[in-house]
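I have placed the structure first, in the form of structure tokens, so that the comments after it can refer back to it.
Chain identifiers are assigned alphabetically (A, B, ...) following the order of the sequence lines, protein sequences preceding nucleic acid strands; residue numbering begins at 1 within each chain.
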There are 2 protein chains.
Amino acid sequence: MSGLRERKKEATRAALSWAAVRLTAERGWSAVKVEDIAAAVGVSPRTYNNYFSSKAEAIAFRHLERSLRLAAELRHGPPGEPLWEAIMRAALRQLEPGPEVEHMPPQGPDEWAAGLRVMLAEPALEAEMLRAGKIAEKELAEAIADRAGMNLGADLYPRLVAASVMAASNVALELFVQGGTGEPMEVLLPRALRMVAAGLPTP
Amino acid sequence: MSGLRERKKEATRAALSWAAVRLTAERGWSAVKVEDIAAAVGVSPRTYNNYFSSKAEAIAFRHLERSLRLAAELRHGPPGEPLWEAIMRAALRQLEPGPEVEHMPPQGPDEWAAGLRVMLAEPALEAEMLRAGKIAEKELAEAIADRAGMNLGADLYPRLVAASVMAASNVALELFVQGGTGEPMEVLLPRALRMVAAGLPTP
DNA sequence: GCGCAAAAATACGTGCCACGCATTTTTCTG
DNA sequence: CAGAAAAATGCGTGGCACGTATTTTTGCGC
């Protein structure tokens, strides 16, 4: 695997996804046609659907990738590490900006948060983002089950941990995007993870 | 409110939702046209879209209603009751079959679970179900924040509890639908809720 | 280098669906 | 019972997902 062919494919996929995000942020969701996204990347409209099976999927793709990396990292970390420490480390790693930031226009986090909010206001996008999270959650649950020597079909634990981790991530992101407290994700996310790990007794 | 007018509207909405579920279980998702659903209820296709803004929304509606009831029940319960006890009680209440079972063909839980699995295999449906859960989660978070005298914009706690409750519900449902263990929801759900409430230390 | 097989991109066509707008029918209210 | 409000409907439009057939590109062994 990882031949030139596949890397080019991934590059095209990333380009389409990025173009979808950028155009949507600029013009709004309904003003962007699939044709536009394809044109921005220099590809035929039909080809777009060879990469993504819906308009929304292209936007959720970046979210999906980030979330999947969390599971992957959990698998490749030191096996002896306590579970929650490994989770914490892997989760924080996802906050580091990836190499795709080069393409990112230099706007501040406020504009970015605003863009996110606008996007998630669109029902179709919200739904697709959640679906991406769900797919990643499944991967995460499998990784955890492997680590703990458990069975996904029989034990609640791996699924519960995976679901709780995603829940904590989502909640932290919501609070961050909404921007009530000025705290950055690097603060909110670990706090949320520690809370779900330790339990949520009535305070 | 609650005049004859609104009750008729709700009846139509429920009928459309139910027809969508039944037809999809019978013929499969892509074989059901909006026209069919409307015809089954005796309403014009255009009217369908006055009730639901997408084909999938009609199916997710039942899930949405059930989930919303959880939040509503939390609000109307005894305010002095400890939070997690109230949650447990409200969650278990949702498992009791509602009055809509009269319309349900007398098929066993196995066929029903199989139908559910087929439906959730459809990406568009999975996404819409998740969105419904998210909407309910927001209500739930608000109800919890009210109870605890907290602020949704400032405190992680209400959102985290709400997200964890939904996560536990979903995980229990997944395990039940997948059917690995023969345990009923009445067993799986309380166990999952107790686990997220108490925390998830590495076992 | 070179041609061949596999894979990807494209062109074209189809059916469904979401939705805006204008009109008709039904229901509530005074 | 009459007028107003709200819901249902008819009609038309544009876009999107997708099947199929065709062309172009790419990887690879010789």
>> I'd like to know if B:Lys134 and B:Glu137 make a salt bridge, using a cut-off of under 4.0 Å between side-chain N and carboxylate O.
In response: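 Between B:Glu137 and B:Lys134 there is a salt bridge, with a charged N closer than 4.0 Å to a carboxylate O.
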
> Is any NZ, NE, NH1 or NH2 atom of the basic residue among B:Glu10 and B:Arg7 found under 4.0 Å from an Asp or Glu carboxylate oxygen of the other?
Replying inline: no

Could you check how far [atom1] of [X] sits from [atom2] of [N], rounded to whole Å?
X        : N      : atom1 : atom2 : answer
A:Glu128 : D:dC16 : CD    : P     : 15 Å
B:Arg7   : C:dT26 : CZ    : P     : 20 Å
B:Asn49  : D:dA7  : CG    : P     : 16 Å
B:Glu57  : C:dC17 : CD    : P     : 15 Å
B:Trp29  : C:dC17 : CH2   : C1'   : 11 Å
A:Asn50  : D:dG19 : CG    : P     : 11 Å

>> Does the Lys NZ or Arg CZ of B:Lys55 fall within the cation-pi geometry relative to B:Tyr48 - under 6.0 Å from the ring centre and within 45° of the axis?
In response: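 No cation-pi geometry.
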
To check you understand the geometry: which heavy-atom pair defines the closest contact between [X] and [Y], and what is its length?
X        : Y        : result
A:Tyr51  : A:Arg13  : O-NH1, 3.2 Å
B:Pro190 : B:Met185 : CD-O, 3.7 Å
B:Ala141 : B:Arg159 : CB-CA, 4.1 Å
B:Ala132 : B:His63  : CB-CD2, 4.1 Å
A:Pro45  : A:Val34  : O-CG1, 4.3 Å
A:Ala154 : B:Leu175 : O-CD2, 4.3 Å

>> Check the phosphate of C:dC16 against B:Lys55, side-chain N and O only, distance under 4.0 Å to OP1 or OP2. Yes or no?
In response: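 No, B:Lys55 has no side-chain N/O under 4.0 Å of OP1/OP2 on C:dC16.
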
> Which residues in residues 33-48 of chain A have at least one heavy atom lying under 4.0 Å from any atom of DNA chain C?
Replying inline: A:Val43, A:Ser44, A:Arg46, A:Thr47

>> Angle between the two end axes of the helix from C:dG1-D:dC30 to C:dG30-D:dC1, five base pairs per end, rounded to 10 degrees?
In response: 30°

>> Given D:dA7, C:dT27, C:dC17, identify the nucleotide with an atom nearest to the side chain of B:Lys9.
In response: D:dA7

>> What's the closest nucleotide to the side chain of A:Ser53 if the choices are D:dT26, D:dA8, D:dC18?
In response: D:dC18

> Base, sugar-phosphate, or nothing: which does A:Phe52 touch, judged by heavy atoms less than 4.0 Å apart?
Replying inline: nothing

